[in-house]
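Okay, structure first, notes after.
Atom set for the values below is all heavy atoms of this structure, side chains included, hydrogens, waters and symmetry mates excluded. To find a chain, count down the sequence lines: A is the first, B the second, and so on, and within it residues start at 1. None of these values were measured; they are calculated from a predicted model.
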2 protein chains.
Amino acid sequence: MYNACRMKLSITEENYLKAIFKLSERDNKAVSTNAIARQMQTSAASVTDMLKRLSEKKLLKYTKYKGVTLSEKGGKLSTNLVRKHRLWEVFLVDKLNFRWDEVHEIAEQLEHIDSPDLVNRLDAFLNHPKFDPHGDPIPSADGKFTLRSQQILTEVDHKLPVLVVGVREHSVAFLRHLDELDIHLGQQLEILERYDYDDSIRVRVGDHQQMISSKVARNIFVKINPS
Amino acid sequence: MYNACRMKLSITEENYLKAIFKLSERDNKAVSTNAIARQMQTSAASVTDMLKRLSEKKLLKYTKYKGVTLSEKGGKLSTNLVRKHRLWEVFLVDKLNFRWDEVHEIAEQLEHIDSPDLVNRLDAFLNHPKFDPHGDPIPSADGKFTLRSQQILTEVDHKLPVLVVGVREHSVAFLRHLDELDIHLGQQLEILERYDYDDSIRVRVGDHQQMISSKVARNIFVKINPS
DNA sequence: AATTATTTTTAGGCCAATCTAAAAATATAT
DNA sequence: ATATATTTTTAGATTGGCCTAAAAATAATT
Ligand SMILES: [Mn+2]
Ligand SMILES: [Mn+2]
Ligand SMILES: [Mn+2]
Ligand SMILES: [Mn+2]
């Protein structure tokens with residue numbers, strides 16, 4: 001990963017790359033100027049400005065009025081940023097005992113630290129984690145993501161015991177709410193009842209039962225528990 | 001420390017503060033524009049520019065043509081930067097197994113991460129170290145440095161067993177040279193002979209003997225070994 | 001197809017941080 | 001004390017990253 005992307009970018013440039021990566025990882029289609037502006041909380045004019053510069057540096061393919069797609073270089077660079085972000089989040093939670101709702105902001109800063117050696121040693125120190133504290137996959141040094149079969153909690157069958165493996169929403173409010181519901185990664189759940197009226201569900205959480213609103217349930221990733 | 005210095009500075013501003021702190025910690029006298037320019041590897045004109053801005057922010061007292069001294073706020077801010085820098089160096093060496101000559105550059109980046117909570121947790125994680133991998137004192141959260149009686153190796157008496165506690169020079173070349181000489185923090189030494197011709201000395205290093213040039217010896221801090 | 005709405009780009013300006021060259025202040029030497 | 005050298009500041013320009021307002025391109029409606 002590193003050999004292909006050895007160039008010093010500004011923090012701003014890195015953040016643009018990351019934003020574009022995030023916006024294109026779903027459908028893999030070209031990303032619009034406005035979408036980037038929304039993601040970066042900035043004006044469309046500033047985005048156009050930056051797209052020209054990043055295009056100049058061959059980090060993305062930019063066609064006027066047609067949006068952008070990351071180049072191979074740009075893709076590798078962003079993947080590495082994601083890798084660093086998630087590894088630092090693991091560090092903060094596992095080693096410094098931060099809660100999962102506190103780490104994102106700090107990782108946003110730490111991800112810009114530039115030292116391949118540091119990242120790899122951190123990775124080793126953390127025992128090569130495959131997922132971050134929110135269940136998101138950590139790309140390996142050569143940019144590969146671990147795939148995992150998962151479903152949204154609302155879409156899983158009745159009575160099947162499942163394991164919470166991730167969250168689709170990362171806001172502090174949501175994460176703290178899950179804490180209050182005793183729902184965390186690795187937690188075993190089982191849907192006991194569905195209520196059509198508001199799409200809420202009743203689940204078994206460990207040894208007690210719990211009502212979960214549809215708004216919460218649709219942001220929880222689970223996998224079928226093979227035990 | 002934190003209450004008094006809660007303001008977001010740019011990395012550049014932080015680096016200027018640190019440079020001024022370093023230049024004034026010896027004699028505590030006003031620091032000249034040129035000295036700062038030299039330290040920061042920039043032009044005197046740029047320095048004057050920045051001094052005005054830092055003065056505006058009440059981080060230092062600036063009198064035209066007379067140099068600057070840090071204000072209380074500026075002092076606390078720089079001390080906190082030093083604290084972060086040195087704590088991260090301990091982390092890199094103790095936890096990630098970096099060598100002492102590899103950590104400075106990375107710590108130069110990490111010291112700018114802004115999160116009081118992170119620093120304090122890191123401090124706890126490292127068991128509140130009092131000195132960094134080069135033997136430099138780590139200021140406490142309220143800005144106090146641990147004092148230590150120490151002497152330069154060249155100035156210690158014959159036949160007195162001493163302990164290496166720090167280095168006065170931090171270059172990679174010097175640190176790696178010490179590695180080759182088997183000299184590290186905590187190492188016991190004893191001056192066996194002084195040679196007037198080139199001021200070199202013969203020392204006992206652990207169980208063997210070693211010649212040490214004056215250039216090396218004058219950059220090693222030791223303390224009298226009370227064992 | 002023509003009009004209207006939306007998206008995107010351009011134009012022009014601002015601010016922080018840098019530079020070089022010239023002017024001004026201070027220090028040193030004769 | 002005067003001349004010379006050094007240090008420091010000012011002046012003016014540049015670059016990255018941002019802004020608003022206006023123009024241009026594209027998309028959606030009628
Ligand atoms: Mn995050
Ligand atoms: Mn995460
Ligand atoms: Mn250092
Ligand atoms: Mn150090």
Determine the contact category for A:T48: base if any of its heavy atoms lies under 4.0 Å from a base atom, sugar-phosphate if only primed atoms, P, OP1 or OP2 are that close, otherwise nothing.
-> base
With the side chain of A:S46 defined as its heavy atoms from C-beta on, choose the nearest nucleotide among C:dT9, D:dT8, D:dC18.
-> D:dC18
Nucleotide of C:dT18, D:dC18, C:dT8 approaching B:D49 most closely (side-chain heavy atoms) | C:dT18
When you get a sec, tell me which of C:dT9, D:dT9, C:dC19 is the closest nucleotide to the side chain of B:A44?
-> D:dT9
Just by distance, do the side chain of A:S71 and the backbone of A:K58 share a donor-acceptor pair under 3.5 Å?
-> yes
Which of the following nucleotides, C:dT9, D:dA27, D:dC18, is nearest to the side chain of A:K66?
-> D:dA27
NA contact type, A:S43, heavy-atom cut-off 4.0 Å: base, sugar-phosphate, or nothing?
-> base
Side chain of B:T42 only, please: which of C:dT18, D:dC18, D:dT8 is the nearest?
-> C:dT18
Does B:N34 put a side-chain nitrogen or oxygen below 4.0 Å from OP1 or OP2 of D:dT6?
-> no
For B:H112 and B:N15, does a side-chain donor sit closer than 3.5 Å to a side-chain acceptor?
-> yes
Once you round it to whole Å, what is the distance between C1' of C:dA27 and OH of B:Y65?
-> 13 Å
Quick one: do the B:S140 and B:D142 side chains pair a donor with an acceptor below 3.5 Å?
-> yes
Atom of A:S213, atom of A:S200 and distance for their closest heavy-atom approach | CA-CB, 4.1 Å
Measure the distance from CE on A:M50 to P on C:dT8 and round it to the nearest whole Å.
-> 18 Å
Rounded distance (Å) that lies between atom P of D:dT15 and atom CD of A:E13 = 15 Å
Among D:dT20, C:dC19, C:dA27, which is the nearest nucleotide to the side chain of B:A45?
-> C:dC19
